[in-house]
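Here the structure is laid out as structure tokens; the discussion comes afterwards.
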Amino acid sequence: MTVRELDAAGITDPGLRVAYSRSRHLNARYGRTYFLATRLLPPERRPAVHALYGFARRADDIVDDLGDTAATAERSAALRALEERLDAALAGAPVTEPVVRALAHTADAYAIDPSLFRDFLVSMRADLEVTDYATYEDLRAYMHGSAAVIGLQMLPVLGTVVPREEAAPHAAALGVAFQLTNFVRDVGEDLDRGRVYLPADLLAAHGAHRDLLLWSRRTGRRDRRIVSALAAAAALTRDVYREAAPGLAMLDPVARPCIGAAFVLYGEILDAVRRDGWSSVHRRSAVPRRRRAAVAAAGVARVTAARVGAAMRKGAA
């Protein structure tokens with residue numbers, strides 16, 4: 001499948017093919033839902049999505065998985081070095097790091113605004129020092145760089161049937177909705193990393209707070225205040241999905257099955273958390289494999305219909 005995608009995208013340079021293959025591997029290994037949805041795109045567009053994911057994953061690994069003994073200063077230096085390599089690559093300088101090389105090639109091929117990558121890295125740096133957010137507005141400022149820009153990076157690759165600036169707010173909202181979904185699902189894992197992404201004002205509105213979350217994580221005991229706060233966070237996230245929804249029809253028809261599948265599957269993560277009793281302080285909920293397969297199969301049918309429609313329109317012209 002990798003060779004087919006690279007050939008379809010016209011990527012012939014051996015080193016660049018290795019770089020894209022590395023990014024694809026990262027997507028397949030860590031972005032289970034994202035990777036499944038990506039397979040619904042036309043093959044020629046998939047390498048670009050893999051490149052965007054691969055770079056984001058590399059930055060995230062520096063922040064979270066550089067090693068348990070790595071100090072903040074060491075992580076910060078590694079992140080700064082990654083940004084320097086990216087800036088050099090975007091300026092046309094040769095680089096050897098695979099994910100940076102693939103990203104720079106994708107950014108050039110699809111004319112992606114370089115500021116989107118820099119905004120992303122600003123939020124990654126925040127993760128080195130900021131451990132919680134007082135208000136939802138504070139969290140949204142962080143998510144501009146950590147999530148909204150991901151949707152904006154994707155938009156040139158997906159293509160639109162309206163002016164791109166019309167679709168951009170919906171693409172940004174979808175990136176935020178996906179990340180909020182992760183925050184609701186991953187409360188326990190984030191606590192283990194010393195972070196609370198659920199805003200303090202939302203928690204307080206339900207009588208919850210950081211120390212209560214830590215107590216629940218440590219003891220394995222549930223608390224109705226946490227359950228109430230998580231349900232409210234999920235409802236807030238559903239509102240952001242509604243902001244994003246009109247953008248689906250603005251995408252190139254051949255890209256809609258991919259984003260539509262991701263929209264459905266990420267939304268159903270919230271359903272899984274609810275079914276598990278809002279216990280994400282203690283466990284990571286997941287959409288059942290059978291359901292993911294069913295959504296993917298429906299996406300394949302929509303892909304086929306979109307391609308047939310495109311061929312008919314081309315023939316009529």
Checklist entry - Does some side-chain heavy atom of Ile226 sit less than 4.5 Å from a side-chain heavy atom of Leu203? => result no
Next on the checklist: Could you check whether Glu129 and Thr72, counting side-chain N and O atoms only, form a donor-acceptor pair closer than 3.5 Å?
Outcome noted: no
Next on the checklist: How long is the straight-line distance from CG of Leu103 back to CD of Glu97, given to the nearest 0.5 Å?
Outcome noted: 10.5 Å
Next on the checklist: So which atom in Pro43 and which in Arg4 form the shortest heavy-atom distance, rounded to 0.1 Å?
Outcome noted: CG-NH2, 3.4 Å
Checklist entry - What about Val254 and Met250, same hydrophobic cluster or not, with Ile/Leu/Val/Met/Phe/Trp/Tyr joined at side-chain heavy-atom distances under 4.5 Å? => result no
Checklist entry - Are any of the side-chain nitrogens in Arg284 or Glu189 under 4.0 Å away from the carboxylate oxygens of its partner? => result yes
Item to check | Atom pair CZ/CD of Arg292 and Glu268 - distance to nearest 0.5 Å | outcome: 11.0 Å
Checklist entry - Is Leu36 linked to Met154 within one hydrophobic cluster, defined over Ile, Leu, Val, Met, Phe, Trp and Tyr using a side-chain heavy-atom separation of less than 4.5 Å? => result yes
Item to check | 4.5 Å side-chain heavy-atom contact, Tyr136 and Leu202 | outcome: no
Item to check | Side-chain heavy atoms of Leu139 within contact of Leu180, under 4.5 Å | outcome: yes
Next on the checklist: Regarding Thr2 and Tyr20, do their side chains bring together a donor and an acceptor under 3.5 Å, going by distance alone?
Outcome noted: no
Checklist entry - Below 4.0 angstrom, N of the basic side chain to O of the carboxylate: do Asp190 and Arg185 qualify? => result no
Checklist entry - Linking I/L/V/M/F/W/Y whenever their side-chain heavy atoms sit closer than 4.5 Å, directly or via other members, would Phe35 and Leu265 fall into one cluster? => result no
Checklist entry - Is there side-chain contact between Leu121 and Leu86, with heavy atoms separated by less than 4.5 Å? => result yes
Item to check | Between Asp132 and Tyr197, a side-chain donor and acceptor under 3.5 Å | outcome: no
Item to check | Linked, directly or transitively: Val227 and Leu214 (ILVMFWY side chains, under 4.5 Å) | outcome: yes
Checklist entry - So which heavy atom on Arg164 is nearest to which on Pro156, and how close? => result NH1-CG, 3.4 Å
Item to check | Heavy-atom side-chain proximity of Met143 to Phe183 below 4.5 angstrom | outcome: yes
Checklist entry - Just checking, any donor-acceptor pair under 3.5 angstrom between side chains of His206 and Ser228? => result yes
Item to check | Euclidean distance, Thr160 OG1 relative to Asp252 CG, rounded to 0.5 Å | outcome: 8.0 Å
Checklist entry - Charged N to carboxylate O under 4.0 angstrom, Arg17 versus Asp13? => result no
Item to check | Interatomic distance, Arg22 atom CZ to Arg57 atom CZ [nearest 0.5 angstrom] | outcome: 10.5 Å
Checklist entry - Roughly how far apart are Ile150 CD1 and His144 NE2, rounded to 0.5 Å? => result 10.5 Å
Next on the checklist: Less than 4.0 angstrom from a charged side-chain N to a carboxylate O is my criterion; do Asp64 and Arg195 meet it?
Outcome noted: yes
Next on the checklist: Within the structure provided, determine whether Val161 and Leu251 are in side-chain contact (heavy-atom separation under 4.5 Å).
Outcome noted: no
Next on the checklist: Between His282 and Ser216, do the side chains contain a donor N or O and an acceptor N or O under 3.5 Å apart?
Outcome noted: yes
Item to check | Side-chain ion pair, Glu5 and Arg45, N-O less than 4.0 Å | outcome: no
Next on the checklist: Could you report the tightest heavy-atom contact between Leu198 and Leu230, atom names first, then the distance?
Outcome noted: CD1-CD2, 3.7 Å
Checklist entry - Does atom CZ of Arg221 have more than 12 heavy-atom neighbours from other groups under 6.0 Å away? => result no
Next on the checklist: Is the shortest side-chain heavy-atom distance between Leu128 and Val63 below 4.5 Å?
Outcome noted: yes
Item to check | Qualifying residues under side chain to side chain donor-acceptor pair (under 3.5 Å), relative to Tyr241, sequence neighbours excluded | outcome: Thr181
Next on the checklist: Would you compute the distance between atom CG of Leu6 and atom CZ of Arg46 and round it to the nearest 0.5 angstrom?
Outcome noted: 11.0 Å
Next on the checklist: Tell me whether Arg283 is salt-bridged to Asp186, with the criterion being a basic N under 4.0 Å from an acidic carboxylate O.
Outcome noted: no
Item to check | Exercise: identify the closest heavy-atom pair between Gly207 and Leu212 | outcome: O-CD2, 4.3 Å
Item to check | Minimum heavy-atom distance between Gln153 and Val157, given as atom pair plus value | outcome: O-CG2, 4.2 Å
Checklist outcome for this item: Here the pair of heavy atoms bringing Arg210 nearest to Gly194 is NH2-O, 2.7 Å
Checklist entry - So, are Asp239 and Arg242 salt-bridged, with charged N and O less than 4.0 Å apart? => result yes
Checklist entry - Is Pro47 close to Thr106 at the side-chain level, that is, under 4.5 Å between some pair of heavy atoms? => result no
Next on the checklist: Do Asp276 and Ser279 pair up side chain to side chain, a donor and an acceptor below 3.5 Å, judged on atom types alone?
Outcome noted: no
Checklist entry - So among Phe178, Tyr53, Tyr266, Phe263, which one has a ring pair (Phe, Tyr, Trp, His ring centres under 6.0 Å) with Tyr34? => result Tyr53
Item to check | Residues Asp127, Arg193: salt bridge by 4.0 Å N-O rule | outcome: no
